[in-house]
Amino acid sequence: MSTSASAGPPAAVAAASGDLVPSRSAGVAVDSGQRGHLEISSRVVERIAEVAALRVGAVVRQPATFGRSLPNATAKVAGQHVRLDVDVVARWGRPLPETAAAVRSLVAEHVSELTGLVVDAVAVDVVAFATDPSAPALTGARDEEDR
């Protein structure tokens, strides 16, 4: 009499709320704390913030000619906390306090939701204005100095 065994994946180990997970190699349960950790680079956080800022209706994208394009974000990540500085171009005629508040709120929400980090602060600087979204942004002090 012969018996045959199927060569399938190891059986899953029943665990309470993800404390133990099955190992692919030997079918042994491994503590979830031993699986490693995820590091989110500051550039990823900055890119999420830039895309979130563009979702505010009063913010305009300005492509880079020399230097950097706008919106531009700088993130300082420390452990599970992050602080952000966001530079934006606003449409002319839109109220700046409301625009900055909307950018601050949306950036904090998106960064927190997508990364799991705690957003401690979002500083918003309106560095230029645009009368027409397709036209280059008009800046205040720098334009006067160039003339």
Side-chain angles (χ1 to χ4, degrees), residues 8-147:
V13 178
S17 69
D19 291 341
L20 298 176
V21 294
S23 170
R24 291 196 184 277
S25 60
V28 178
V30 178
D31 181 21
S32 63
Q34 296 176 351
R35 287 186 282 169
H37 66 281
L38 175 66
E39 270 188 42
I40 300 171
S41 82
S42 60
R43 183 61 195 134
V44 170
V45 176
E46 291 166 356
R47 186 67 181 126
I48 291 170
E50 291 164 1
V51 171
L54 280 173
R55 300 188 93 199
V56 174
V59 173
V60 177
R61 183 179 183 280
Q62 178 182 358
T65 8
F66 295 105
R68 60 191 179 155
S69 63
L70 295 170
N72 184 295
T74 304
K76 294 175 185 100
V77 180
Q80 293 298 312
H81 294 264
V82 64
R83 289 178 170 265
L84 291 150
D85 293 317
V86 183
D87 296 337
V88 298
V89 176
R91 293 182 197 273
W92 180 258
R94 299 288 176 98
L96 295 181
E98 286 86 357
T99 300
V103 170
R104 191 176 304 112
S105 173
L106 202 57
V107 165
E109 178 184 330
H110 280 262
V111 168
S112 177
E113 182 179 316
L114 293 174
T115 65
L117 297 173
V118 177
V119 179
D120 291 335
V122 178
V124 178
D125 290 325
V126 177
V127 296
F129 298 97
T131 55
D132 177 18
S134 61
L138 303 173
T139 57
R142 291 184 189 143
D143 283 348
E144 296 300 322
E145 292 172 8
D146 293 341
R147 293 180 187 187

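Since the model is a prediction, treat every value here as computed from it, not as a measurement.
Counting heavy atoms from C-beta on, the side chains of Val107 and Leu84 come closer than 4.5 Å.
Sorted by first and then second residue, the ring-ring contact (aromatic ring centres under 6.0 Å, His included) pairs with a member in residues 98-117 form an empty list; sequence neighbours excluded. Screening residues 96-106 for side chain to side chain donor-acceptor pair (under 3.5 Å) gives no qualifying pairs among residues at least two apart or on separate chains. Applying the salt bridge (charged side-chain N to carboxylate O under 4.0 Å, His left out) rule to pairs touching residues 107-118 yields nothing, sequence neighbours excluded. Contacts classified as salt bridge (charged side-chain N to carboxylate O under 4.0 Å, His left out) and involving residues 39-59 (residues at least two apart or in different chains) are given here: Arg43-Glu46, Arg43-Glu50, Arg47-Glu50. Under the ring-ring contact (aromatic ring centres under 6.0 Å, His included) criterion, no residue pair touches residues 38-62, with sequence neighbours excluded.
Residues passing the salt bridge (charged side-chain N to carboxylate O under 4.0 Å, His left out) test with Asp85, sequence neighbours excluded: Lys76. Residues passing the side-chain contact (heavy atoms from CB on, under 4.5 Å) test with Leu114, sequence neighbours excluded: Ile48. Partners of Asn72 by side-chain hydrogen bond (donor to acceptor under 3.5 Å, both in side chains), not counting sequence neighbours: none found. Among residues two or more places apart in sequence or in another chain, the side-chain hydrogen bond (donor to acceptor under 3.5 Å, both in side chains) test is passed with Asp120 by His81.
Put simply, the side chain of Arg94 never gets that close to the backbone of Val59: no donor and acceptor are under 3.5 Å apart.
Taking both residues in full, the closest heavy atoms of Val103 and Ala53 are given as CG1-CB, 4.1 Å, listed atom of the first, atom of the second, then distance. Minimum heavy-atom separation, Leu106 to Ala52: CD2-O, 3.4 Å. Heavy atoms only, all atoms of each residue included: Ala90 and Val126 are closest at CB-CG1, 3.8 Å. In terms of heavy-atom proximity, Ala73 sits nearest to Ala49 at CB-CB, 3.8 Å. Listed here is the closest heavy atom pair of Val89 and Phe129: CG1-C, 4.1 Å. In terms of heavy atoms, Thr115 sits closest to Ile40 at O-CD1, 3.3 Å.
Distance check: Leu70 CG to Leu54 CG gives 9.5 Å after rounding to the nearest 0.5 Å.
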